Number of protein chains: 2
Amino acid sequence: MELLANLRDSTARRSRAAGKLAACVLRDPEAVLSMTTAALAAEVGVSEPTVNRFCTGLGLKGFPDFKLQLAAELARQQPRVAPDIEAGDSSSQVIAKLFEATRASLDRVQAGLDDGAVEAAVQTLEQSRSISLCGLGASASVALDAQHKLMRFGVPATAYTDVINQRVLTTNIHSGDCLLCISWTGRTRAMAELAELAAAAGAAVIGITAPGSPVAAHCGPVLAVEGGEDTELFTPMTSRLAQLVVIDVLATRWALLRGGDYQAHLARMKQVLADTRYPAGKSGGRS
Amino acid sequence: MELLANLRDSTARRSRAAGKLAACVLRDPEAVLSMTTAALAAEVGVSEPTVNRFCTGLGLKGFPDFKLQLAAELARQQPRVAPDIEAGDSSSQVIAKLFEATRASLDRVQAGLDDGAVEAAVQTLEQSRSISLCGLGASASVALDAQHKLMRFGVPATAYTDVINQRVLTTNIHSGDCLLCISWTGRTRAMAELAELAAAAGAAVIGITAPGSPVAAHCGPVLAVEGGEDTELFTPMTSRLAQLVVIDVLATRWALLRGGDYQAHLARMKQVLADTRYPAGKSGGRS
DNA sequence: TTCAAAAATGTAGTTTAATTACATCTTCTG
DNA sequence: CAGAAGATGTAATTAAACTACATTTTTGAA
């Protein structure tokens with residue numbers, strides 16, 4: 001576990017040969033899997049026992065063990081592919097495939113998400129007087145979800161899921177306000193116009209949308225959520241979940257930035273909610 | 001890839017020794033990773049070359065290669081653990097941890113989801129005259145999302161996210177109607193009462209909630225979404241996503257059951273939505 | 001700068017694991 | 001029941017990994 005991260009760690013004290021070996025493994029980890037000690041030694045230009053010492057030095061049993069660990073770690077981080085759902089699929093097949101497809105879309109969105117953009121978006125939120133969340137269609141529920149989430153963290157935000165209300169909103173926001181536009185395709189006319197109007201009014205506009213799209217064009221920080229799969233029949237819905245994770249990221253990062261008081265806040269909120277609930281029972285009832 | 005599934009496949013024609021080997025590997029795959037040919041041969045009671053032949057017969061290079069593949073596959077299916085988010089985490093760390101935590105919660109929910117319950121829920125939906133979706137708080141946006149999704153598949157359903165409206169609803173639904181209750185904790189008073197009233201009125205009640213909870217007690221088919229982690233500060237939000245996947249599963253399975261016409265329906269819907277959008281551009285604009 | 005100690009690396013040899021070649025046994029098929 | 005095809009085991013071979021020891025390089029203190 002964390003083998004590659006370990007090798008990547010530049011703070012680790014390493015001998016010259018070990019450094020070359022680490023670099024070689026990082027350069028092409030897959031290739032190492034089909035190499036013998038001798039092959040890797042030759043590749044790097046060191047002796048065979050050095051390769052062995054390198055492995056034992058990592059706390060492993062030897063070179064074969066090293067390859068085993070490496071294979072496991074590579075498999076774990078290899079992006080998943082969304083399986084096709086077919087007409088005859090049973091419930092259990094649909095379950096397996098849909099969960100797998102969801103994981104695949106998480107992989108894809110995570111890969112495309114720029115942490116600089118996240119940081120910029122959080123900064124923008126931080127400095128805003130008010131926050132408005134807008135989404136239409138499937139993204140409407142995402143906007144509502146975001147509103148709920150931010151509220152939990154003690155941040156007042158308002159979701160607008162109605163084209164008219166969204167238009168009215170643009171007449172009320174100005175410099176110092178923030179609009180968060182959620183659009184899967186990034187090509188919904190109403191949303192692009194909304195972003196444009198808000199930007200023109202001087203508001204900061206954050207996009208959770210497809211990069212390079214009309215909506216993205218009018219946004220400041222753009223959190224890339226590449227859609228791009230309406231080709232498949234069932235997948236669009238799985239990938240939309242990734243938008244929600246992106247919002248989780250924003251909310252969490254912000255909460256961390258603001259420091260310790262949110263913890264007390266969350267505890268207080270839990271107390272308030274507890275009164276609306278039955279107490280936790282014996283069988284599976286958790287808070 | 002699919003090595004274990006391959007071994008599990010009973011239709012495959014296998015010799016007696018190969019069968020014993022497959023059984024042994026399936027019994028404890030992890031253990032095999034630290035065995036040599038000789039050790040595995042002794043364990044199963046066959047000769048060493050037989051072990052080797054077993055591996056090459058699977059299309060692999062030999063026993064070491066077999067172990068490599070096995071390690072990769074085990075790593076891939078091993079449930080992930082949600083990493084703890086810490087105060088000093090950077091944006092990129094928050095991204096990595098939150099995506100990982102989301103994958104972990106998908107693993108957990110998938111493991112707890114019973115395909116019999118899914119099938120029963122789909123049957124119930126199938127036979128219902130009307131479908132109402134209810135959720136409160138964070139589950140409200142899930143209900144709205146479900147409404148949108150079902151609508152896309154041509155199934156009229158109505159989401160109620162307001163306690164009063166939900167109460168009024170119970171006076172209007174009867175036998176032949178279906179109520180889908182979405183509750184994370186399963187202990188929200190209002191939701192449990194709602195389920196009880198609806199069930200008393202003769203409606204079919206499906207729960208997407210914690211098994212064994214007060215809400216679940218009044219539901220017919222219960223799609224288990226074990227919450228159980230308010231202990232952690234940031235994780236509740238990641239696990240909620242799994243509810244959405246469960247709804248995806250329901251909607252998809254149902255669409256499959258209904259057969260081919262949904263495809264034409266989706267195509268028609270895409271056409272209608274296209275008019276609200278800018279055409280796909282060169283840079284990243286996809287349908 | 002120099003010398004000694006410690007660490008790192010390499011060479012050669014040893015051990016262990018994996019594979020191959022061949023013989024024997026079992027199990028179908030005609 | 002005979003014969004052939006396939007499966008399995010034994011023994012030998014090859015190849016890989018590891019160990020012991022010698023050599024080189026680096027490091028730190030005088």
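All values below come from the heavy atoms of this structure, side chains included, with hydrogens, waters and symmetry mates left out. Given the structure is predicted, the values throughout are model-derived calculations rather than measurements. Reminder, nothing fancy here: chain letters follow the sequence lines and each chain counts from 1.
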| request: Please list every stem that involves DNA chain C, where a stem is a run of 3 or more consecutive Watson-Crick or G-U wobble pairs with both pairing distances under 3.5 Å. | output: C:1-30 with D:1-30
| query | In whole Å, what is the span from the CZ atom of B/F54 to the C1' atom of D/dG9? | reply |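 Taking CZ of B/F54 and C1' of D/dG9, I get 18 Å after rounding.
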| A/L21 has an atom CG; how far is it from atom C1' of C/dA8, in whole Å? | 13 Å
Closest contact, heavy atoms only, [X] versus [Y]:
X	Y	value
A/V32	A/K67	O-CD, 3.5 Å
B/A216	B/A210	CB-O, 3.5 Å
B/D89	A/R253	O-NH1, 2.7 Å

| task | Would you mind listing every side chain to side chain donor-acceptor pair (under 3.5 Å) that reaches into residues 37-51 of chain A, with sequence neighbours excluded? | result |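 Of all non-adjacent pairs touching residues 37-51 of chain A, those that pass side chain to side chain donor-acceptor pair (under 3.5 Å) are A/S47-A/T50.
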| remark: Once base and sugar-phosphate atoms are separated, protein heavy atoms under 4.0 Å mark nucleotides 16-27 of chain D, 5' to 3', with B, S and - as SSBB------S-
| field | Any B/S15 side-chain nitrogen or oxygen under 4.0 Å from OP1 or OP2 of D/dA7 | value | no
Keeping the roles fixed (side chain from [X], backbone from [Y]), state whether a donor-acceptor pair exists under 3.5 Å.
X	Y	value
B/R80	A/R76	yes
A/E73	A/L4	yes
A/Q93	A/S90	yes

| B/E100/B/K97 salt bridge by N-O under 4.0 Å criterion | no
| message | Using a heavy-atom cut-off of 4.0 Å across all strands, would you classify B/V51 as base, sugar-phosphate, or nothing? | response | nothing
